Chemist: 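Take a look at the following structure, please.
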Amino acid sequence: MVGMSSNPPYPAGTVVAGKWRGNRYVVERLLGRGANGTVYLVKREGRREWYALKVGYDTLDLQSEINVLTSLQSCRKRNEHRARRENPLSSFLLEADDFVDGNNVPFYVMRYVQGKPLHLFLSKNGPSWLGLVGLKLLNNIRKLHECGFVFGDLKPENVMVSDYGEAELIDFGGASPIGRSVKQFTEWHDRGFWNAGSRTGDEGYDLFAFAILCLRLLNEQGLKTAATQLPQTRNVEELLRLARTLPDKKLASWLILAIKGGFSGSEQAMQTWKEHIYTPRTAKQENIATPRWLKSAFALSLFVLAITMFWLFRL
Ligand SMILES: Nc1ncnc2c1ncn2[C@@H]1O[C@H](COP(=O)(O)OP(=O)(O)OP(=O)(O)O)[C@@H](O)[C@H]1O
């Protein structure tokens with residue numbers, strides 16, 4: 001164990017220098033702290049691009065995250081070989097090294113995902129965004145499955161959403177190869193917790209967690225009440241009942257199927273979502289306000305037109 005979660009975070013301007021690879025990253029600010037590490041917004045010294053740098057508390061835990069990210073990186077390269085040059089900003093993993101900071105503190109550098117955690121995004125923008133955000137998220141989950149991994153710890157806190165509704169997964173600490181035991185999960189989102197199936201990582205495990213994520217976003221109190229039941233009485237029927245109370249019946253049917261493990265995989269789950277739940281966002285839904293400068297320009301052009309007409313008709 002190196003470094004402690006209780007350590008004060010590095011202040012802005014701290015240079016995290018890699019012992020083995022020699023690259024230097026300047027800390028801009030803290031992005032967040034979790035059970036496995038502290039994440040900072042950084043710039044590589046002398047460069048303009050932003051990255052997220054995670055300093056781990058435990059070398060082994062961090063190494064397993066790095067291994068997953070490395071596999072995803074090479075899978076993505078194989079799948080996207082047509083995209084000739086890879087943009088380093090979209091890399092899952094840029095590099096891993098040790099920071100000589102008294103002890104050797106392990107760290108890795110990944111893409112910086114800008115946005116808000118999913119629950120904060122939806123409470124600010126409204127539940128009508130769930131169709132679009134859910135589709136983007138399911139697509140990311142599908143790609144992960146295609147690479148042979150399950151995400152495991154799927155919850156709103158591990159999904160960042162941009163202002164335009166692009167959803168990205170963060171924190172691959174719970175990801176594991178398909179077929180192995182899920183190594184990190186959060187009770188409410190865990191199939192085992194609800195006596196709804198095993199903790200073996202299969203595509204259905206993530207789809208179940210996704211369904212709970214939706215229930216939590218739409219009726220957190222209901223889920224909380226269901227979760228407080230004794231382990232012996234806690235069961236999937238409670239979840240199905242909650243899903244049925246949702247006003248959107250198509251969404252309810254999708255959730256029920258995911259909870260029961262009825263999808264053949266994430267491809268089918270995503271296509272069904274796309275056909276029945278996702279509705280392209282319209283300008284009205286986006287609620288894009290007309291900028292004031294545009295209103296003024298329009299008023300001015302009307303004024304000029306009126307003067308022109310006046311002069312034309314006087315002649
Ligand atoms: N790539 C990223 N881009 C932007 N912010 C990030 C990124 N990775 C992590 N964060 C921020 O840092 C926080 C902690 O990161 P992370 O969830 O990876 O840590 P953890 O120790 O694995 O947490 P947990 O206790 O949830 O397992 C996140 O909640 C998020 O706010």
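Keep in mind that what you see is a predicted model, and the values were worked out from it rather than measured. As the structure lists them, so they are numbered: ligands from 1, and atoms in each ligand from 1.
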Chemist: If you count the non-hydrogen atoms of other residues, nucleotides and ligands that lie under 6.0 Å from NZ in K124, is the total more than 12?
Modeler: no

Chemist: Could an N or O of ligand 1 be found under 3.5 Å from any N or O of K54, whether backbone or side chain?
Modeler: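 Yes.
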
Chemist: For ligand 1, find out whether one of its N or O atoms is nearer than 3.5 Å to an N or O atom of V113.
Modeler: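 Between V113 and ligand 1 (N or O atoms, distance only) the closest approach is under 3.5 Å.
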
Chemist: Regarding ligand 1, does A35 bring an N or O atom to under 3.5 Å of one of the ligand's N or O atoms?
Modeler: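 Right, the criterion is met.
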
Chemist: Any idea which protein heavy atom is nearest atom 8 (N) of ligand 1, and the distance to it?
Modeler: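 That would be M110 CE, 3.6 Å.
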
Chemist: Is a donor on one side and an acceptor on the other found under 3.5 Å between the side chain of W273 and the backbone of G134?
Modeler: no

Chemist: So, for F149 and F172, is the gap between ring centers shorter than 6.0 Å?
Modeler: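 No; F172 has its ring centre 6.0 Å or more from that of F149.
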
Chemist: Does ligand 1 have an atom that lies less than 4.0 angstrom from a heavy atom of Q184?
Modeler: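 Per 4.0 Å heavy-atom rule, Q184 contacts ligand 1.
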
Chemist: Mind checking whether E65 has an N or O less than 3.5 Å away from an N or O of ligand 1?
Modeler: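 E65 vs ligand 1: no N/O contact under 3.5 Å.
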
Chemist: Tell me: protein heavy atom nearest atom 28 (C) of ligand 1, and distance?
Modeler: I170 CD1, 3.7 Å

Chemist: With heavy-atom distances below 4.0 Å as the criterion, list the atoms of ligand 1 near A52.
Modeler: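 Result: 1 (N), 2 (C), 3 (N).
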
Chemist: To the nearest 0.1 Å, how far is atom 27 (O) of ligand 1 from its closest protein heavy atom, and which atom is that?
Modeler: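 For atom 27 (O) of ligand 1, the nearest protein heavy atom comes out as D171 OD2, 3.0 Å.
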
Chemist: I need the nearest protein heavy-atom contact for atom 13 (C) of ligand 1: residue, atom name and distance, please.
Modeler: G32 CA, 3.6 Å

Chemist: Which residue supplies the protein heavy atom nearest to atom 15 (O) of ligand 1, what is that atom called, and how far is it?
Modeler: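 The closest one turns out to be V39 CG2, 3.4 Å.
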
Chemist: Is S181 reaching over with its side chain to a backbone N or O of K183, donor-acceptor style, under 3.5 angstrom?
Modeler: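 The answer is no, because no donor-acceptor pair under 3.5 Å joins these two groups.
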
Chemist: Relative to ligand 1, is L31 under 4.0 angstrom through side chain, backbone, both or neither, heavy atoms considered?
Modeler: both

Chemist: Looking at every heavy atom in both Y10 and T14, which two are closest together, and how far apart are they?
Modeler: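 Nearest pair, atom of Y10 first, then T14: CB-OG1, 3.6 Å.
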
Chemist: Which ligand 1 atoms are under 4.0 Å away from a heavy-atom of Y112?
Modeler: 3 (N), 4 (C)

Chemist: Could you walk me through whether D97 and Y108 pass the side chain to side chain donor-acceptor pair (under 3.5 Å) test, one step at a time?
Modeler: CA-CA 6 Å; D97 209 332; Y108 71 80; over 6 Å; no

Chemist: Which residue supplies the protein heavy atom nearest to atom 23 (O) of ligand 1, what is that atom called, and how far is it?
Modeler: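 Of the protein heavy atoms, G34 CA, 3.3 Å lies nearest.
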
Chemist: With no hydrogens and no angle check, is any side-chain donor or acceptor of N195 less than 3.5 Å from a backbone partner on R234?
Modeler: yes

Chemist: Could you identify the single nearest non-hydrogen protein atom to atom 21 (O) of ligand 1 and state the distance to 0.1 Å?
Modeler: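 Ranking protein heavy atoms by distance from atom 21 (O) of ligand 1, first comes N36 N, 2.5 Å.
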
Chemist: Which atoms of ligand 1 sit under 4.0 Å from any heavy atom of G37?
Modeler: 21 (O)

Chemist: R216 and H119: side-chain donor and acceptor closer than 3.5 Å?
Modeler: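 No, no side-chain donor-acceptor pair sits under 3.5 Å.
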
Chemist: Is a donor from one side chain sitting under 3.5 angstrom from an acceptor on the other, for D98 and W20?
Modeler: yes

Chemist: Counting only heavy atoms not in K116, do more than 12 fall under 6.0 Å of its NZ?
Modeler: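 No, the 6.0 Å shell around NZ holds no more than 12 heavy atoms from other groups.
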
Chemist: Checking the N or O distance criterion of under 3.5 Å, is ligand 1 in contact with R111?
Modeler: yes

Chemist: Can you tell me if R191 uses its side chain to pair, donor with acceptor, with the backbone of T200 under 3.5 Å?
Modeler: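 Confirmed, R191 side chain pairs with T200 backbone.
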
